[in-house]
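Along the sequence shown, residues carry numbers from 1.
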Amino acid sequence: MKTMSDFSSRASRQHEGWGALRRATKVSAVLAGVLGLVGCSPEQAVEAEPETARGASLGLTQSGSGLLHRYSFDTDGRDSVSGANGALLGGASVVVNGEVTLNGGGGYVSLPIGGTIASLQDATFEAWVKWDSAVGQTWARIFDFNDGVWNKTLFLTPMNGRFDSGPATGTPRFSITTTAMGGEQQATSASGFPVGVLAHVAVTLDSVTGLTRLYVNGGLVAEKASTTLTPASLGTPVNSWLGRSLHPADPFFKGTFSEFRVYGAALSPTRITDSYNAGPDAAMAPSEAYVVTDGRLDVAGVAADTTSVYWVENRPSGLVMKASLSTGSAQVLASGRSHPIAVATDGLYVYWAEAGGSIFKLPVNGGAITLMASGLPAPESLVTDGAFLYFQLRWQQGINGWIYRMPVQGGTPTSLLAEELVGPMTVDGGHLYWMAPGGYIVKALKTGGPTASLWNASLSTTGLASDGQHLYIAENTSPYDILQLPVGGGQWAPAVVVRWGSITRLAVGPSRVVWADSSLGAIMAKGK
């Protein structure tokens with residue numbers, strides 16, 4: 001059992017992580033993804049809500065550490081994250097081992113990611129490359145994003161050709177400018193770039209700290225303080241190239257690319273090292289809390305699967321929403337709903353309850369809405385194990401709450417447990433868990449039967465979620481931790497040290513913990 005001394009100990013800790021987490025959870029006025037309608041029937045077709053005003057009113061900017069674009073060059077220039085597929089030009093070719101070969105004589109890759117560049121206040125550009133030779137390669141480019149006339153550009157070269165700013169010439173340099181060469185803000189390494197071997201290189205730009213960092217093989221090789229320019233400062237680049245410079249006198253890159261990625265955040269040194277150690281074939285899950293999407297009001301429930309987060313917004317003309325956990329790209333799945341109050345997903349369908357007493361479902365990628373039940377008295381705490389939906393009905397037979405279930409295919413709801421709930425509920429492969437009066441977390445077999453007290457939580461618990469191994473518990477009281485507890489009971493441990501905010505809803509997917517922060521109007525996530 002958790003004791004009051006446990007809470008006192010937690011509450012007495014200092015909020016030492018404020019600055020780091022604030023930088024990791026900045027929300028931007030320009031989302032990486034564009035809101036769109038997916039699979040909406042005519043009555044659902046509404047304009048996507050403007051996000052910029054609400055984001056700006058918070059005084060926050062975007063820093064979701066999701067992966068926005070990923071090019072692995074397995075067979076072509078395909079983007080496996082966002083579908084912004086690149087074109088292999090000038091003799092560039094993909095070989096069987098998942099590399100694009102650039103011949104140094106005109107071969108390069110053109111990427112359609114100008115809109116992403118224009119949206120980024122913070123960013124990480126990451127690549128695995130093999131540079132064949134330094135001979136004749138001065139000012140060759142690993143990447144070059146530019147306006148077509150060289151006034152605005154950001155680029156990375158493995159070998160700069162001039163000692164004008166930095167510790168050495170003939171070494172890697174990152175540069176960004178909006179006023180041509182005279183206004184470049186640079187990070188230049190003191191040592192040369194590896195030749196003839198696969199190397200990892202990354203550039204991070206953090207608009208809050210003003211730090212631009214250059215990494216080679218997981219280690220920091222250059223840092224520029226007081227950087228005032230961001231990728232968004234360029235506007236929308238005309239060209240986004242791998243292996244080619246805008247200057248015709250500069251050589252084309254000679255070597256191979258195994259991987260190129262763009263993130264919507266300045267990844268931490270630990271994340272960079274982890275990514276380098278994982279290698280080009282493994283996309284690292286976020287290890288820090290980040291903003292999935294912002295500007296969300298009246299969030300009444302969240303659910304998650306492998307790739308996406310789903311939520312409902314409770315108002316007279318409410319929304320059922322979906323966003324990518326990697327890119328933040330948000331979609332309206334259903335609009336004009338009457339006070340949706342809870343949501344669940346099994347990865348195939350999204351299910352939600354409305355305050356008027358109805359439960360609905362639709363496919364996760366949009367489509368026709370199916371009415372599953374109606375005339376229910378205030379259904380709440382909707383969860384699913386993939387076979388059944390479980391929900392609470394208030395004021396049944398003189399008891400403050402009954403737990404009901406019904407098949408996900410539809411059918412008549414049947415009573416399962418006569419239990420009073422005063423907080424959230426969740427389910428996994430074996431058990432149901434819920435918050436009982438007094439702040440206790442209790443559990444029972446999901447087929448019914450006796451209940452057992454699992455943990456003495458608190459009346460500040462606002463979210464429960466289970467992945468079958470751990471129960472995740474959102475404590476909406478300073479310091480706003482999300483805790484995890486073995487599903488069989490035992491010692492709790494912090495899963496997410498939020499330290500600030502207002503956690504109102506919680507969900508767990510296969511790879512991430514997801515929650516709603518009403519103080520930010522944001523949907524947040526963190527890798528498990």
Side-chain angles (χ1 to χ4, degrees), residues 23-36 51 55 61-73 77-87 109-128 142-145 154 156 176 201-207 212 230-237 239-242 257 259-268 271-272 274-275 278 280 282-294 306-309 322-331 511-512 514 522-527:
R23 289 193 296 274
T25 56
K26 295 176 293 150
V27 188
S28 119
V30 183
L31 292 175
V34 178
L35 280 172
E51 301 299 318
T61 54
Q62 166 92 5
S63 185
S65 56
L67 181 59
L68 304 180
H69 302 286
R70 183 185 183 191
Y71 302 89
S72 299
F73 305 111
R78 189 169 308 166
D79 175 2
S80 61
V81 172
S82 300
N85 300 331
V109 182
S110 180
L111 307 177
I113 60 173
T116 297
I117 302 302
S119 74
L120 296 178
Q121 298 295 333
D122 306 304
T124 297
F125 303 102
E126 179 180 39
W128 276 262
I142 293 175
F143 59 78
D144 192 323
F145 308 144
L154 63 83
L156 174 63
I176 183 170
V201 60
V203 175
T204 66
L205 296 99
D206 189 323
S207 64
T212 295
T230 70
S233 302
L234 275 63
T236 302
N239 304 307
S240 299
W241 291 332
L242 304 181
F257 278 69
E259 185 99 358
F260 180 74
R261 302 173 187 169
V262 179
Y263 297 81
L267 300 187
S268 69
R271 284 286 311 279
I272 295 295
D274 288 346
S275 189
M284 299 297 291
S287 59
E288 301 159 352
Y290 67 98
V291 173
V292 178
T293 184
D294 75 310
T306 303
T307 61
S308 303
V309 58
K322 170 185 177 180
S324 166
L325 285 166
S326 294
T327 69
S329 180
Q331 304 164 349
S511 60
R512 293 176 177 89
V514 180
I523 306 296
M524 310 289 295
K526 180 184 182 296

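Residue Leu234 holds its CG atom at 9.5 Å from OG of Ser240, rounded to the nearest 0.5 Å. A distance of 6.0 Å separates CD1 in Ile176 from CG in Leu205, rounded to the nearest 0.5 Å. The distance from atom OG1 of Thr293 to atom CG of Leu325, rounded to the nearest 0.5 Å, is 11.0 Å. Here the CG atom belonging to Leu242 is positioned 5.0 Å from the CZ atom belonging to Phe257, to the nearest 0.5 angstrom.
Considering only residues two or more places apart in sequence or on other chains, Asp79 meets the side chain to side chain contact (heavy atoms under 4.5 Å, CB included) condition with His69, Tyr71, Val81, Ser82, Ala84, Asn85. Under the rule for a side chain to side chain donor-acceptor pair (under 3.5 Å), the partners of Thr212 that lie at least two apart in sequence or sit in another chain are Thr227. Shown here are the side chain to side chain contact (heavy atoms under 4.5 Å, CB included) partners of Ser72, two or more places apart in sequence or in another chain: Arg70, Asp74, Glu259. Under the ring-ring contact (aromatic ring centres under 6.0 Å, His included) criterion, Phe145 pairs with Phe125, Phe143, not counting sequence neighbours. Residues satisfying the side chain to side chain contact (heavy atoms under 4.5 Å, CB included) criterion with Ser233, sequence neighbours excluded, are Thr178, Leu229, Thr230. Judged as a side chain to side chain donor-acceptor pair (under 3.5 Å), and not counting sequence neighbours, Ser110 has no contacts.
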Between Thr204 and Ile272, is the side-chain contact (heavy atoms from CB on, under 4.5 Å) condition met? List the steps. CA-CA 9 Å; Thr204 66; Ile272 295 295; 4.1 Å; yes
Quick one, Met524 with Val291, criterion side-chain contact (heavy atoms from CB on, under 4.5 Å). Give me CA distance, side-chain angles, the key distance, then yes/no. CA-CA 5 Å; Met524 310 289 295; Val291 173; 3.6 Å; yes
side-chain contact (heavy atoms from CB on, under 4.5 Å) for Arg261 and Ser275? Distances and angles first, verdict last. CA-CA 11 Å; Arg261 302 173 187 169; Ser275 189; 3.5 Å; yes
Test log, rule side-chain contact (heavy atoms from CB on, under 4.5 Å), inputs Leu111 and Phe260: CA-CA 11 Å; Leu111 307 177; Phe260 180 74; 3.9 Å; yes
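Proximity of Asn239 to Asp144: side-chain heavy atoms (C-beta onward) are nowhere separated by under 4.5 Å. Using a 4.5 Å heavy-atom threshold, the side chains of Leu154 and Val203 count as separate. Within the 4.5 Å cutoff, the side chain of Leu68 has no heavy atoms near those of the Ile113 side chain.
Listed here is the closest heavy atom pair of Leu120 and Ala123: CD1-CB, 3.8 Å. Heavy-atom minimum distance, Ile117 versus Pro237: CG2-CG, 3.6 Å. Between Thr124 and Ala266, the shortest heavy-atom contact is OG1-CA, 3.5 Å. Between Ala232 and Ser119 the shortest heavy-atom distance is CB-C, 4.4 Å. The shortest heavy-atom contact between Val292 and Ala323 is CG1-CB, 4.1 Å.
Listed for the Asp122 side chain is a donor-acceptor partner under 3.5 Å among the backbone atoms of Ser207.
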